[in-house]
Each structure stands twice: as C-alpha cells, then as structure tokens.
Amino acid sequence: MQSKLKQLLFDALAVLAADAKLPADLLVSLPIQVERTRNPEHGDFASNIAMLLTKDVGMRPRDLAALIISALPACALIDQVLVAGAGFINFYLTKSAQRKVIADVLQLGEKYGCCDIGLGQSAIVEFVSSNPTGPLHVGHGRGAAYGASVADLLETIGYKVHREYYVNDAGRQMHILATSIWLRYLELSGEDIALPGNCYRGDYIIEIARRLRVEYGEKLRRSVELLYQDLPIDGKDGGDADFYIDAMVARAKDLLGDDYEAIFQRGLTTIIADIREDLEEFGVVFQEWFYESALHKSGDVARSIARLHELGHIYEKDGATWFRATDFGDEKDRVVIRENGQYTYFAADIAYHLNKYGRGFDLIVDVLGSDHHGYAPRVQAFLKAAGLDVSKLIIPLVQFAILYRGKTKVQMSTRSGEFVTLRELRKEVGNDAARFFYVMRKNDQHLDFDLDLAKSQSKDNPVYYIQYAHARVCSVYRQLEERNLDWDMTEGLLNLHLLAKEHEDVLVRCLGRYAEVLQQAALKYEPHLVAHYLQELANDFHAYYNAEQFLVDDAKLRYARLCLIAATRQVLKNGLFLLGVSAPETM
RNA sequence: GCGUCCGUAGCUCAGUUGGAUAGAGUACUUGGCUUCGAACCAAGGUGUCGGGGGUUCGAAUCCCUCCGGGCGCACCA
C-alpha cells in the first residue's frame, strides 16, 4: 500500500513537472516518504513530501500540498486525501480497502505476512555459539531466542536461511575442561585430589567422569604422585592460577598419552549433545554445527593467515605474528599467532568468516553477546583487508538478562558452577514464557527477567494475555458448533461492509499493520517489534470481544464477524510462531 | 583514561528512515459476568523525554558538551 501511494505521489509530481508548475529536476533524487499515521484522525497514511519540497519550490507547504493533491491520479482504494497540520498530505483509505486484509489473511493462512523482498537470497545466522565447556545458562538463552526469531523473520521476508552454531572446540578452555573431567575421574577412583582454582566444577563434570569410570574402569587411572610432581603453585596458594592450570593440563596430556584424546572427545561430545537437546526443547534448531577444530585440521586457518600475509597485512613482533588491524579502522593491531606458535581465537575466526564468505551467503549475521562489542571492528578490519564486502556482515548484539524473583535479583556465578541454567529456567517458567520474555525487549537493552511474572498465569503476564486472545477465538468456534450455528466464510467475505462498529475498525486497522511490522522487524533484526505488536493486537481483540457479540442471529453479520476474528486468530498464531511461542486452543 | 551502548510516567519499557496533542503495561481508584472463557473490558493522571547548547518548517530521534550508568579496552574465548 505504501509503495502504491508513493507511486501516486510520484505520478502527481511528474504531471506537475510536465505542466511546468514545478521544476523538473525535483524528480531525480526524490525520497518520497509515506508513513502510517499514529492518529486515526489523520487518516491511514501520510506524506511529508510538500514540507520537504517547500524550499526548492518556493511555495508554502500547505499550498504545495494542495497542488500535489490536485494532480493525484484517481485510485479506487482511496476515500479522500486532505492537507493537514503544517503541510501533511493525509490519505484516507476506503473501508473496503482496509477490510481487504481479512480476506488476504484467510486466503494465505500461515503464509500471511510473508513477502519476497529478500529475493530468495541466502543468509546465514550464527548464534548461541557458547563454548562447549558446560551447559547453557540464562544469558545464552536470550541469544538463542533472539537468533532463532531473527532467522525466522528473515525467512518470512524471503531469505533462504541457514542457522549455524559455531563450536569453539579448539581453545585452551577445552583442555581445561578435559583435565577437570579427568581429575574428577581420579577422585571417583578413590584418589585424594585438590582441584585447581581455575578448573571447571559443577555436577555435570562429575557426571561425565562417572560415565568414563563405568566405561573405562581403571584404564584412565594414573599415579597421583606423578601428577602433582614438580607442579607450580596454584593461585589460591599464592601462585599464578593460569600458569598452574596450564601445567596441570600439560601433565595430564603427558601421563595419559592417547587416552587424553578419549577424555577430551567425551567431554566435548557429551556437552554438545546436552546443549543441542536443550536448544531443541527450546524450539531452536540449527542446520549446521560448525567446528572450529575443523578449520585447523583442514589448514584453513593457516591459509587464511597466509592470504593476509601475501596482501602485506601481517608482520612479526615480539615473537608473535600480528595482523595490521589499525590500517583498517581497528584501534590496535591483533595477534594471530602467539609467541608459543599457537593460533589465537581471532585467527580461527578469520578463517571462519572467510569460510562463510566462501559459501556465498548474501547476508551474514553474527549474533554476539554485548560484552563482545569490541570484537566487531576487528572482524570488519580483516574483511576490509581481504577485500570482502563488509556490508554483508551484520553483528547484532544481545545484552545480558538479569533474573529477578519479584524484586530481588537472582545471583549468578559461573565460577562456583551454581549459575542458573537455561534448562532450569525453562523448567520453572516454561518454554513459551521464556521465549517471549527474552525477545520482549530490544536486543541491545538490558533485560530484567522477572521469574515470578513469567510464571504467573494472570493478566500481568503478556504471554498469557496474547495466548488467551487466541484461545478465546478458538472457544468461539467451539460455541458455534455447540449452538448448531454455521459460518460461511465466502458469504462472510462478501458482507464485510457490515463490520461498521468502531472496535471492528480498530481491529481491522491493526491487522493491516502486521505485514509492515514483520518487514520492519526483519530488516532491523528486531523481533521485539513483533512482541509489542501482538500485545496491541490482543488488546484490540479483547476490547472487541467485550463490546460485541459474534454469534448473533443475523447470519450475514455473524459470518462477517467470524471472518474478522478468524483472521485475528491467524495473525496471532503467525506472530507467536515467529517468536517460538505456542498458540494454544484452550488454556 | 579511550571506545561503545544507554538515560522517556512511581516501576518495567515502546516510540517506525527527524513529523502532527510523546505512548503501552504495571501500580492505585472505581465500575462491568442470567448471553461467545472476567486469564477480559471500561473510566480516572502522571512527564523540565538526564542538564545545557546547536542544526531546521519541525528534535525523544541528528551534532557538540557536561552529568550519571552498562559493557569493552589480552599473545582469553
């Protein structure tokens, strides 16, 4: 509708230019804006074009607006066009044009709201990508919910979407994990073990160790004396904790030989399986789990650095290998190969992004935690260095969620292993409330997640408010059958002009905004717009429900009203689906 | 210190590429079920949009500055 109105305005200006009433060069780079009005008194759409042109033309805005209106081609969908305010051109659609949305929704069903502005291009959305060193916690949950909705939104506007989880299985942390598991294994074997300050704790480590015990028996056992022989001093005893744990890892590799790899792999696969199951239960499914280690094994990391080297963006300093990121807008140069010869995480990430570009995606979305916001310039720097199109890469940031129980903050501590896991959260508040609450706020805003509110089955809870609207519509159709009344949809669509009540106008108007909201949400990577829209739609429906009867004796009116609420139900369902929330028929 | 995001009603937050009288929810008060689910609706008021300056027909929105917060500033990932 907006594009149609823009075209009408363009045509009007062209006519005026042809008649020499306006300068012809206006049309060249003219950004015609048409936006939906906030206030129904101002019609359905408005354009500020007259105010923008007032200077170039040398006319007063209201006079120019009137002139443009006089040149507008006729359009059957438009009831009237008026000048208002400082020079706005307000478009009032005919009622039948507004009500057409009802037929559109009913005809298209689940597809309603989709469009093809993505042109079938391919997009990759990488999200969650939490280190496989433990279960997902509530912070990861927001990235999961957000990324999943962004991916779904991109699909609705016509992208082919590939959802990917990047598994960081190549770093130091993974070795600390493997070592932590082994120490627990030794402990379960009856050894007296002092856990290093920097190792992973948490029951899941013990559980993995227990299974190793069952499977391998004593095979992984080694001498504890050799283990502790000549180790440096741990952090808690006044030494360097990092130095200590690294020495411990090295010792574990020494003593275990080939068995070390078995423990490492067991830790990795167990935790990834857990994360995967957790996410699937949460309604978040990936097309691909991409392993960082694969980039190392294939030689992609080495080749990527070599490529930058050939381009002259690599240099040696202090025994390390650096990428000259400052040449491309980053604030400092970055190490890619450490003094000890190992690649940094960033080096692997360069290879990973080259890989993504190499796969030919038209749009690349990296969802990151906001604590990584300093990382973006680094990635963009090497993309520039490699001569790649930086604009293809979008990096939305997700702020942390802070849990509350009523007014009191829930303390989270990863160190003690007593953090609140996503699984615990889902169990407590349910998947629907969790998914909705996570995306209810703008992604780059802090989220106060009130557990009590999310659990409450009351009007305070926006999830139930929306779901209740859906269930209520469903209930009406159950009543329809019980009362032996009928609903003829085709007949209803022919009688939409009977929907003349104010609540019906409001509801129709709201339905008409859905497609725009989806596009906006998708293009801006902001699913919270959908969440807010659904609350408005539910509100308009509830108000209508309380004001009017649907199951009236007048058959034509009944048909028409049932069409309207059926369309409402469909849009509620489509919107909730995008957010990963169920649309129950009863509650 | 530098970078970055943010500061909107008592609280939690929206506010579309700069638009018309800045909006929801919540809290508080009151009213509404013999008729489709009261997990609902209706009515009631609240703002120096953190302060100041600038850009213009027009600023919560863009620029500068100050105040106050979050996050980042590794040869960690």
Side-chain angles (χ1 to χ4, degrees), chain A residues 31 33 35-39 41-42 46 48 51-52 54-55 60-61 84-88 90 129-131 133 168 170-174 242 292 317-322 331-332 334-346 348-349 369-377 397 399-400 404 407 440-442 444-448 450 453 456-462 464-465 467-469 471-480 482-483 485 513 516-517 520-521 523-524 526 528-529 531-532 535-536 538-539 541-552 561-562 565 586-587:
Chain A
Q33 294 180 30
E35 49 186 29
R36 202 168 263 281
T37 59
R38 287 182 192 174
N39 187 339
E41 288 174 18
H42 299 139
N48 60 356
M51 289 182 286
L52 293 179
T54 182
K55 244 181 189 168
R60 285 185 301 186
F88 289 100
N90 289 343
S129 298
S130 140
N131 283 349
T133 53
N168 305 132
R172 170 173 174 265
Q173 297 302 322
M174 290 304 295
D242 282 326
E292 181 187 353
K317 192 183 89 180
D318 301 335
T321 303
W322 299 69
E331 56 186 19
K332 52 181 77 170
R334 306 295 176 177
V335 170
V336 288
I337 305 176
R338 289 194 275 264
E339 206 175 348
N340 66 10
Q342 297 208 314
Y343 289 106
T344 58
Y345 172 83
F346 179 51
D349 212 30
S370 64
D371 54 333
H372 288 72
H373 76 257
Y375 194 71
L397 301 173
Q399 284 275 6
F400 290 127
Y404 285 85
K407 298 222 161 167
M440 188 166 63
R441 301 291 175 230
K442 212 164 149 186
D444 60 4
Q445 286 289 354
H446 288 281
L447 171 67
D448 286 340
D450 187 337
L453 180 60
S456 77
Q457 305 201 355
S458 75
K459 62 178 183 176
D460 307 348
N461 189 334
Y464 283 87
Y465 184 77
Q467 289 182 320
Y468 181 49
R472 254 185 161 177
V473 179
C474 294
S475 173
V476 171
Y477 290 92
R478 286 192 295 272
Q479 272 294 318
L480 182 73
E482 280 180 30
R483 295 195 198 172
L485 291 170
R513 281 172 42 220
E516 292 161 34
V517 169
Q520 199 67 232
L523 292 172
K524 296 171 70 181
E526 293 185 351
H528 77 279
L529 295 174
H532 283 274
Q535 290 184 77
E536 281 179 54
N539 179 260
F541 169 74
H542 285 309
Y544 179 36
Y545 183 97
N546 276 62
E548 308 294 340
Q549 287 285 312
F550 308 141
L551 301 179
V552 292
R561 286 185 171 168
L562 289 173
I565 65 169
T586 60
M587 293 172 71

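Letters A, B, ... are given to chains in the order of the sequence lines, protein chains preceding strands, and every chain is numbered from 1. The analysis underlying the following values was restricted to heavy atoms, covering all of them including side chains, and did not include hydrogens, waters or symmetry mates.
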- Query: Between A/Phe541 and A/Tyr545, what is the ring plane arrangement, given parallel below 30°, perpendicular above 60°, and tilted in between?
  - Reply: tilted
- Message: Does either side chain, that of A/Arg441 or that of A/His446, offer a donor lying less than 3.5 Å from an acceptor on the other one?
- Response: no
- Note on the structure: Out of B/C40, B/C13, B/U35, minimum distance to the side chain of A/Gln549 belongs to B/U35
- Task: Could you measure between the two C1' atoms, the one in B/G31 and the one in B/G69, and give it in whole Å?
- Result: 43 Å
- Can you check the A/Glu536 CD to B/A14 C1' distance for me, whole Å? 9 Å
- Query: Looking for any heavy atom pair under 4.0 Å, which part of the strands does A/Tyr375 touch: base, sugar-phosphate only, or nothing?
  - Reply: base
- Verify whether one side chain among A/Ser370 and A/Gln399 offers a donor that lies under 3.5 Å from an acceptor in the other. yes
- Counting any heavy atom closer than 4.0 Å, what does A/Gln520 reach on the DNA or RNA strands: base, sugar-phosphate only, or nothing? sugar-phosphate
- Euclidean distance, atom CG of residue A/Leu52 to atom C1' of B/G18 [Å, nearest integer]: 10 Å
- Specify the separation, in whole Å, of atom CZ of A/Phe541 and atom C1' of B/C36. 9 Å
- Base, sugar-phosphate, or nothing for A/Ala320, non-hydrogen atoms under 4.0 angstrom? base
- Item | Sugar-phosphate, base or nothing in reach of A/His373, heavy atoms under 4.0 Å | base
- Message: Taking any heavy-atom pair under 4.0 Å as a contact, classify A/Asp371: base, sugar-phosphate, or nothing.
- Response: sugar-phosphate
- Message: Applying a 4.0 Å non-hydrogen cut-off, can you work out what A/His372 is touching in the nucleic acid: base, sugar-phosphate, or nothing?
- Response: base
- Query: Within this structure, what is the CZ-to-C1' distance between A/Phe550 and B/C41, rounded to whole angstrom?
  - Reply: 12 Å
- Item | Protein-nucleotide distance (A/Asp349, atom CG; B/C75, atom P), rounded to Å | 16 Å
- Report which part of the nucleic acid A/Asp318 touches: base, sugar-phosphate, or nothing (heavy-atom distance under 4.0 Å, all strands). base
- Query: How is A/Thr133 classified with respect to the nucleic acid when contacts are heavy atoms under 4.0 Å: base, sugar-phosphate, or nothing?
  - Reply: nothing
- Aromatic ring pairing A/Tyr375/A/Phe346, orientation class (parallel under 30°, perpendicular over 60°, tilted between): perpendicular
- Starting at CG of A/Asp444 and ending at C1' of B/G72, how long is that distance when rounded to a whole Å? 15 Å
- Task: Taking only the side-chain nitrogens and oxygens of A/Asn546, find out if one of them lies under 4.0 Å from OP1 or OP2 of B/C33.
- Result: no
- Task: Provide the distance between the two C1' atoms, one in B/U26 and one in B/G44, to the nearest whole Å.
- Result: 16 Å
- Sugar-phosphate only, base, or nothing, as touched by A/Ser475 at under 4.0 Å among non-hydrogen atoms: base
- Integer angstrom distance from the C1' of B/C63 to that of B/U21: 28 Å
- Task: Please work out if A/Ala84 contacts a base, only the sugar-phosphate, or nothing of the nucleic acid, heavy-atom cut-off 4.0 Å.
- Result: base
- Would you say A/Phe88 stacks on B/A20, if stacking means ring centres under 5.5 Å apart and planes within less than 30 degrees? yes
- Could you check which of B/C41, B/G19, B/G37 has an atom nearest any side-chain atom of A/Ala86? B/G19
- Query: A/Leu551 side chain: which of B/U16, B/C36, B/G37 is closest?
  - Reply: B/C36
- Are A/Asp349 and A/Arg334 ion-paired here, with the side-chain N under 4.0 Å from a carboxylate O? no
- Message: Regarding A/His42, tell me which of base, sugar-phosphate or nothing describes its non-hydrogen contacts under 4.0 Å with the strands shown.
- Response: base
- Item | Separation between the P atoms of B/A9 and B/C5, rounded to whole Å | 22 Å
- Round to a whole Å and report the spacing from CG of A/Asp448 to P of B/G7. 14 Å
- Query: So what does A/Ala46 hit on the nucleic acid, given a heavy-atom distance under 4.0 Å: a base, only sugar-phosphate, or nothing?
  - Reply: base
- State the pairing partner of B/C71; accept Watson-Crick or G-U wobble contacts with both distances under 3.5 Å, and report none otherwise. B/G3
- Task: Looking at every strand, decide which applies to A/Leu529 at a 4.0 Å heavy-atom threshold: base, sugar-phosphate, or nothing.
- Result: sugar-phosphate
- Would you classify A/Arg38 as touching base, sugar-phosphate or nothing, given that sugar-phosphate means primed atoms plus P, OP1 and OP2, and contacts are heavy atoms under 4.0 Å? base
- Nearest-Å distance once atom P is located in both B/G47 and B/C11: 14 Å
- Under 6.0 Å from the CZ atom of A/Arg478, do we count more than 12 heavy atoms belonging to anything else shown? yes
- In whole angstroms, the gap separating P of B/A42 from CD of A/Glu548 amounts to 13 Å
